[in-house]
Each structure stands twice: as C-alpha cells, then as structure tokens.
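Below is one structure, written out as structure tokens; the observations come after it.
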Amino acid sequence: MLTLLFSVTHAADKQQHITDLQASAKTQHLWLENEWLNLLHYGGEGTTPENYQSEVNDERFFIAENGDTNPEAELLATIAAFYQTDSAGDDHAQCKFVARLNWLKQKLPIEASTLPAVRCNSYTEWRKHVNSDLVTLVFPAYNLNSPSSMFGHTLLRLDSASDEGNSRWLSTAVNFGANVTEDDNSILYAYKGLAGGYSGIFVTDHYYKKIQEYNRIEHRDIWEYRLNLTRHETERIVTHLWELQDINFEYYYFDENCSYRLLELLEIARPGIELTDEFKITAIPVDTVRAIDQAGMIETATYRPSQATLLRHLLWLAPAEDHDLIKALSANIAVAKQDAFTQLPADRQRNITDIAYQYLRYQQTGKERDPAIAKRSHQLLLLLNSYPKETTAKPDVAIPVSPEKGHGSKRVTVGMGKRLDNYYGELGFRMSFHDLEDNENGFLRGAQINIGSLQIRAEENESVSLYRLDLVDIISITPRTRFFKPLAWKVYAGLERQYTNGVDQLTTHVTGGAGGSWHLLENSQIYTLATGRLEMNKQLRRALEPAIGFSAGLLQHFGPTTARLDFSGEQFLDDVYRLRASYVQNFVLATNHSLKLSAKYEWQEVNEFSDIQLSYQYYF
C-alpha cells in the first residue's frame with residue numbers, strides 16, 4: 001500500500017514539475033528566442049506561433065502534432081518528452097534531441113536528477129567518430145561541367161585540435177545536398193533542383209572522401225577557411241547535427257541549398273549573428289563565404305590546388321623541349337631507354353619521369369582500372385624511385401585571389417548608346433554571376449556563368465521596352481594544350497530583340513555550340529565554336545525556326561582590363577542569315593566597379609546596322 005502511495009505521489013510530483021517547467025517557458029516566451037527558432041529551422045515572424053513554418057520537411061523531427069507550424073507547441077511537447085518513461089534508449093527524446101536538451105537546461109531548472117535515466121548508445125558511438133574542437137568552412141571551386149557545382153559548393157569540416165596537416169583527411173565532413181537518385185540526368189537535376197523536386201539532407205562522412213571527389217576526380221581547387229568558433233560553439237553544431245541525421249529538408253538549387261543550410265548551422269553555433277537574412281532569393285556559395293568573412297568569423301584561409309592544377313604547374317616549370325618526352329614516356333616506358341632520354345642529366349630524367357607518372361594518373365582519374373595503364377604506372381614509379389630523391393623543393397603553386405575577394409555576384413548596369421540610328425538609355429540587372437570580360441580575380445579564366453540577366457531600354461522617340469532577358473548564359477572556353485583537351489562550349493536561352501526583314505521585335509531562342517579554344521599568348525586565347533539555334537520569330541517562316549552558325553574570337557587580358565573580339569553568325573532554314581562583329585572591353589575601376597565599352601556591327605540580306613554603348617557596372 002505504501003509502495004503504491006509512493007508511486008502515485010512520485011508521478012504527481014513529476015507531472016507538477018513538468019507543468020511548472022512549461023509554465024516558466026511560456027512566461028519567458030522561450031519559443032520566441034532565436035536559439036529555439038533556429039534549432040527548429042522556423043521561418044516567419046510575429047508575436048503568435050501560428051505565423052511560423054519550419055523548413056524541415058520530416059515529421060520525425062517534431063514531437064507536437066503541429067510542431068512544424070507552431071514553435072510554442074513544439075517547445076512544450078519537447079519539455080514533456082524529456083520526462084517520458086514509456087520509451088527508452090535511442091528512441092527517447094533525450095537521445096534524439098541533444099541540442100534541444102542542452103539549450104533548455106540553460107533556460108529552465110532542469111536537473112539531471114529529475115530526468116529519467118536513459119542510455120543513448122547510438123549517440124555515444126557516433127560521438128566517438130565526430131570531432132568537436134575546430135570548424136573549417138570548405139569551398140570547392142567552380143566546375144562548369146557539373147550543373148550542381150558550376151557555382152561552387154560549401155561544406156564544413158570538424159577537426160580535432162591535435163590533428164595537423166594531412167591528418168585533417170581523417171576529419172569529419174558535414175555536407176548538405178539534394179537527395180538525388182542515380183537515374184537523374186543533368187537536365188532532370190536542373191529542373192527538379194529549381195522546382196523543389198528534391199529533399200535535402202545533411203550527411204557526415206570522412207573528409208578524405210570529399211578530397212577525392214572534388215580535388216582529384218572533379219579537378220577542383222579547394223579553399224579551406226578556419227573559423228574562429230569556440231569549443232562550446234562547435235559543440236552546438238555537433239549536437240544539432242546529430243538531431244538532423246537523415247532528416248529531410250526542403251531543397252531548392254538557388255536559395256535553400258548547401259550554403260544556406262550551413263549558414264543556419266553557424267547561426268546555431270553563435271547565437272546573435274544573422275547570416276541568412278540577406279539570402280532571401282539566392283544563396284550562391286561564394287556569397288555565403290563573403291557573409292561569413294564580413295561577420296568576422298574567418299581566422300585563416302588555406303589553398304589546396306587540385307591534381308590538374310598541380311600538373312599544369314609542373315608542366316609550366318619543365319622546359320618546353322621536355323614536353324615531347326613527357327608525353328611519349330607516359331605512353332611507352334621504352335622511351336626511357338632511348339638516347340634522347342638517357343643522355344639527359346639525371347635530375348632532368350627524374351623530373352620527366354615524375355611528370356609522366358602524374359600525367360598518367362591524371363588521365364585515369366575517375367575511370368575504371370585499366371590493367372595496361374596500371375602496369376605502365378607501376379613501371380614509371382619504379383623508374384622514378386631509381387633516382388636519388390630531389391634535394392631542392394620545387395616552387396609552390398602560386399596562390400590565386402581567393403573566391404570571396406572577387407566581385408559581387410549580382411550586378412546593376414546603367415548605360416547609354418545608339419542602335420538603328422536611335423539613341424537609348426539602358427538599365428540592366430544580373431542575378432548572377434560572372435562575364436568573360438568581368439574582373440577575373442577570384443574566378444575561372446575563360447568561364448562565363450550568368451543566370452537571370454535583364455536589359456531594359458528607353459529609346460529615343462520610343463517607349464521603354466525589354467531588350468534582352470537571358471534565363472541562362474554559360475560559356476566555357478578553357479584553352480586546349482597537348483596535355484589537356486577540354487571542350488569549349490556555350491549555351492544561352494531567353495528573349496532578345498532581333499532586327500529581321502526590316503522589323504525590330506522581341507524573339508525567343510535557345511542557342512548552343514561546341515568547339516575549342518587555344519592559347520595565343522600568355523594572357524590571350526582564341527576560340528571557335530560551331531553553333532545551333534532555335535528561334536521563335538514572327539518574321540521567319542516556321543513557328544520555331546532552326547539555324548546553324550559559328551562563333552569565333554579573341555579574349556585578351558590586360559591586367560585591370562579585359563577585351564573580347566567576336567565574330568558570329570547564323571543561317572536559318574528560311575534562308576535568312578545574320579553576321580556580326582563585336583568588340584567588348586571592360587575597364588576595372590575597383591573590385592565592384594567597372595566601365596564597359598561595347599560595339600557591334602551586324603549584316604543581313606538587305607540591312608546592316610550598329611549598336612554602340614558605354615555603361616557603368618556595379619557589382620554587389
């Protein structure tokens with residue numbers, strides 16, 4: 001009887017304790033505090049909980065039935081769940097929501113002695129493999145040949161304070177990305193990523209796997225930014241990551257993406273900073289790196305060149321006359337016995353062998369193992385090891401301007417010019433993010449990526465009208481060499497004004513092409529592409545008129561200015577043709593300011609005209 005009475009009294013005391021804690025939470029309006037809203041990833045604002053909506057799209061993350069839309073209800077349900085005794089072990093709220101429990105212990109009189117004793121075996125085991133001393137933001141640079149990576153990418157690395165150098169490879173990488181299926185191709189990925197067709201999840205894994213993926217397979221340079229988070233701030237990230245294991249978020253390619261979610265983690269780590277507020281429309285990875293830098297969170301920056309960058313550096317250091325032997329030796333080990341090789345000094349032989357070995361490894365990156373090539377690699381390695389080790393170190397790869405120091409991703413343009421004998425004023429806006437002629441510091445040379453570019457013109461004696469809208473405008477003209485043979489390509493689509501059969505009107509088009517680019521001099525390159533075009537134009541015979549064409553030109557960098565001369569044209573199936581010659585020169589005034597001069601002349605069957613413009617460009 002006494003035991004029963006004690007049990008009833010204990011249960012009543014426990015329930016009263018829960019009620020008191022919930023009352024205190026309501027009195028303090030804890031559900032309105034940023035730390036709580038951030039932990040549950042709520043968006044919205046107001047004084048009533050109904051004005052909020054969590055960006056987590058997974059019922060497993062919430063305890064209250066309406067927890068995804070009511071932060072107060074979720075807070076009260078969470079407090080009660082920590083005292084439940086009808087679940088145990090890893091399924092208990094204390095094990096599933098460690099970060100929530102730690103925060104509530106700071107806000108409410110929750111004593112460990114009042115909580116039910118729970119063994120969280122899975123969490124304990126997970127923490128053995130996840131470091132929580134230091135945090136590094138990692139930025140793998142741009143990759144134009146991958147739709148998911150052409151704007152770069154960001155992830156976090158969790159380090160142990162005792163690890164240095166290559167031991168960082170054993171650190172934990174924290175990555176957020178779309179939950180893509182193997183059957184999705186690039187086009188489907190782009191569509192579903194823009195339309196919200198994917199869910200996004202956080203994944204923790206060994207950092208060395210990311211090095212292999214980005215640095216060695218995709219040949220992307222990597223920037224590593226050590227953040228000045230304290231041990232306590234880092235612990236907040238780690239415990240919250242545990243709560244997010246396999247939890248689905250909304251995912252959108254341009255805003256609710258990898259970079260945006262990492263900013264949310266940093267806001268949880270350091271309450272009070274507002275990193276996500278400025279990213280309501282787009283969250284381009286390099287812009288989020290800038291936001292973290294401007295918040296004063298970056299302590300140091302380290303550059304990790306890719307396998308391809310290192311190989312280019314070795315080839316640049318080697319005498320030009322050795323390139324033939326490097327290429328030949330990588331294809332046939334017997335070259336090592338030829339007079340042209342054996343008569344060279346030993347240190348030069350060793351250097352040729354080393355580069356040939358590195359080149360052969362580069363060629364096989366990401367491919368299935370070829371026994372013949374594997375045998376050649378082994379033979380080259382044996383030959384390399386037969387020489388004395390180098391006593392002098394080669395010069396390091398020159399460190400480029402870091403991505404966050406480049407110009408802003410968005411751009412506003414104000415210009416004036418003359419076209420078809422009409423003077424005009426122009427206002428332009430570009431959502432993102434870089435032209436071939438823009439200031440190249442922090443960007444890939446020979447790469448153009450523009451999304452959402454708009455040009456509006458007010459012409460003399462004419463009303464204000466849309467001149468051009470580029471939904472997408474991408475150009476890649478990386479030069480080809482004897483050792484690297486990238487494909488030059490372009491694709492752009494949208495609306496633009498075209499003068500056809502004496503009528504100037506807005507047309508819709510999709511244009512693409514492929515070809516090659518080559519170095520002319522150190523800072524100049526030429527390119528040529530065969531192109532195809534589909535155009536909707538009322539002055540053409542068909543509703544969707546096809547054309548074939550070409551684009552060729554010269555891109556020249558003169559320090560603070562870049563110029564491009566381009567010749568292009570297309571012949572439509574309707575026998576209409578266009579030929580154009582254009583010249584563009586961009587004068588960099590400062591990182592985010594430039595003047596741009598452009599001149600174009602166009603020939604058609606019975607018409608020819610020019611378009612000359614001078615504009616000021618501001619990047620932000």
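Heads up: numbering here begins at 1 and tracks the sequence. Just so we're clear, the structure is a prediction, and the values are computed from it rather than from any experiment. The basis for the numbers below is simple: all heavy atoms, side chains too, and nothing from hydrogens, waters or symmetry mates.
T531 and S551 share no side-chain donor-acceptor pair at under 3.5 Å. Defined by atom type and a distance below 3.5 Å, a donor-acceptor pair is missing between the side-chain atoms of T413 and K596. With no hydrogens or angles considered, a side-chain donor-acceptor pair links Y616 and H593 at under 3.5 Å. Using modelled atom types, one finds no donor on one side chain facing an acceptor on the other under 3.5 Å when comparing R411 with N450. Using modelled atom types, one finds no donor on one side chain facing an acceptor on the other under 3.5 Å when comparing Q525 with Y527. Donor-acceptor pairing under 3.5 Å is lacking for the side chains of S54 and H41. Remark: the T276 side chain and the E264 side chain contain no N/O donor-acceptor pair separated by less than 3.5 Å. Between N143 and H153, the side chains place no donor N or O within less than 3.5 Å of an acceptor N or O (distance only, hydrogens not considered). Inspection of the N57 and Y251 side chains reveals no N or O donor paired with an N or O acceptor under 3.5 Å.
Side-chain contact between H313 and L317 is present, with heavy atoms from C-beta onward closer than 4.5 Å. Counting heavy atoms from C-beta on, the side chains of Y357 and S377 come closer than 4.5 Å. Put simply, the side chain of I474 reaches to within 4.5 Å of the side chain of W489, judged on heavy atoms. In this structure the side chain of L454 reaches within 4.5 angstrom of the side chain of L466, judged on heavy atoms. Two residues are said to be in side-chain contact when any heavy atoms from C-beta on lie closer than 4.5 Å; V138 and K210 fail this criterion. For the pair D205 and N175, the minimum side-chain heavy-atom distance is 4.5 Å or more. Proximity of N537 to F572: side-chain heavy atoms (C-beta onward) are nowhere separated by under 4.5 Å. Two residues are said to be in side-chain contact when any heavy atoms from C-beta on lie closer than 4.5 Å; H519 and S524 fail this criterion.
Applying side-chain contact (heavy atoms from CB on, under 4.5 Å) to Q617 and the options V588, N439, D438, L589 leaves one that passes, D438. Partner T500 forms a side-chain contact (heavy atoms from CB on, under 4.5 Å) with one of Q505, R578, K538 and no other, that one being R578.
A tilted orientation is assigned to the rings of H219 and Y362, their planes being inclined by 30° to 60°. Aromatic ring orientation, H407 versus Y619: tilted (interplanar angle from 30° to 60°). Under the 30°/60° scheme for interplanar angles, the aromatic rings of Y142 and F139 are found to stand perpendicular.
When every heavy atom of F443 is checked against every heavy atom of G406, the shortest pair comes out as CE1-CA, 4.1 Å. The two residues K485 and R480 come nearest to each other via the heavy atoms O-NH1, 3.4 Å. Across all non-hydrogen atoms, the minimal contact from V335 to A328 is CG2-O, 3.7 Å. Taking every heavy atom of both residues into account, S259 and P285 meet most closely at OG-CA, 3.2 Å. Across I612 and Y424, no two heavy atoms sit closer than the pair O-OH, 3.7 Å. The two residues D421 and E460 have their closest heavy-atom pair at O-OE1, 4.4 Å.
In this structure a side-chain-to-backbone donor-acceptor pair under 3.5 Å is missing from D221 to A141. Proximity of a side-chain donor or acceptor of T562 to a complementary backbone N or O of H557 within less than 3.5 Å is not detected. Between the N441 side chain and the V401 main chain, no donor and acceptor come within less than 3.5 Å of each other. Not a single donor-acceptor pair under 3.5 Å links the side chain of D574 to the backbone N or O of V576. With R290 contributing its side chain and E404 its backbone, the two residues share a donor-acceptor pair below 3.5 Å. No donor-acceptor pair under 3.5 Å is formed between the side chain of R457 and the backbone N or O of E426. Of the possible donor and acceptor atoms, one in the side chain of E545 sits under 3.5 Å from a partner among the backbone N and O of R542. Between the side chain of Q448 and the backbone N or O of L436, at least one donor-acceptor pair lies under 3.5 Å. Using modelled atom types, one side-chain atom of Y577 and one backbone atom of Q604 make a donor-acceptor pair closer than 3.5 Å. Side chain of N257 to main chain of Y253: a donor-acceptor pair is present (N/O by atom type, distance under 3.5 Å, no hydrogens or angles).
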Would Y499 and E608 count as a side-chain contact (heavy atoms from CB on, under 4.5 Å) here? Give the steps. CA-CA 10 Å; Y499 191 68; E608 54 184 75; over 6 Å; no

ring-ring contact (aromatic ring centres under 6.0 Å, His included) evaluation trace for F202 with F249: CA-CA 9 Å; F202 279 96; F249 280 77; 5.7 Å; yes

Between D504 and R497, is the salt bridge (Lys or Arg N to Asp or Glu O under 4.0 Å) condition met? List the steps. CA-CA 7 Å; D504 190 33; R497 299 196 73 83; 3.5 Å; yes

Start with the C-alpha distance between E250 and Y252, add both sets of side-chain angles, then the distance that settles side chain to side chain donor-acceptor pair (under 3.5 Å), and finish with yes or no. CA-CA 7 Å; E250 295 176 350; Y252 290 91; 5.4 Å; no

How far apart are the C-alpha atoms of Y225 and I292, what are their side-chain angles, what is the distance that settles it, and do they pass the side-chain contact (heavy atoms from CB on, under 4.5 Å) test? CA-CA 10 Å; Y225 302 92; I292 295 169; over 6 Å; no

Test H434 against I449 for side-chain contact (heavy atoms from CB on, under 4.5 Å), laying out the working first. CA-CA 5 Å; H434 181 71; I449 311 173; 5.6 Å; no

Before giving the answer on side-chain contact (heavy atoms from CB on, under 4.5 Å), spell out for L262 and T288 the whole-Å C-alpha distance, their side-chain angles and the decisive distance to 0.1 Å. CA-CA 9 Å; L262 294 187; T288 64; over 6 Å; no

What do the steps show when you test R580 against E570 for salt bridge (Lys or Arg N to Asp or Glu O under 4.0 Å), and what is the final call? CA-CA 9 Å; R580 290 173 296 273; E570 55 265 351; 2.9 Å; yes

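Figure legend: cation-pi geometry between K327 and Y359 absent, as NZ or CZ is not positioned both under 6.0 Å from the six-membered ring centre and within 45° of its axis. Taking the ring centre of F484 as origin, the terminal cationic atom of R312 falls inside the region bounded by 6.0 Å and 45° from the ring axis.
A salt bridge is defined here as a Lys NZ or Arg NE, NH1 or NH2 lying under 4.0 Å from an Asp or Glu carboxylate O, and D324 with R482 meets this definition.
Enclosure of atom CG in L573 by more than 12 non-hydrogen atoms of other residues, nucleotides or ligands within 6.0 angstrom is indicated. By the neighbour-count criterion of 12 heavy atoms within 6.0 Å, atom CD of E522 is sparsely surrounded, having that number or fewer from other residues, nucleotides or ligands.
Atoms CG and CG, on L521 and L554 in that order, are 9.0 Å from each other to the nearest 0.5 Å. Residue I456 holds its CD1 atom at 14.5 Å from CZ of R468, rounded to the nearest 0.5 Å. Rounding to the nearest 0.5 angstrom, the gap separating the CG atom in L544 from the CG atom in L534 is 4.5 Å. Rounded to the nearest 0.5 angstrom, E602 CD and N607 CG are separated by 9.5 Å. Separating the CZ atom in R419 from the CD atom in E459 is a distance of 6.5 Å, to the nearest 0.5 Å. Note that the CG atom of D58 and the CG atom of N248 stand 5.0 Å from one another [nearest 0.5 Å].
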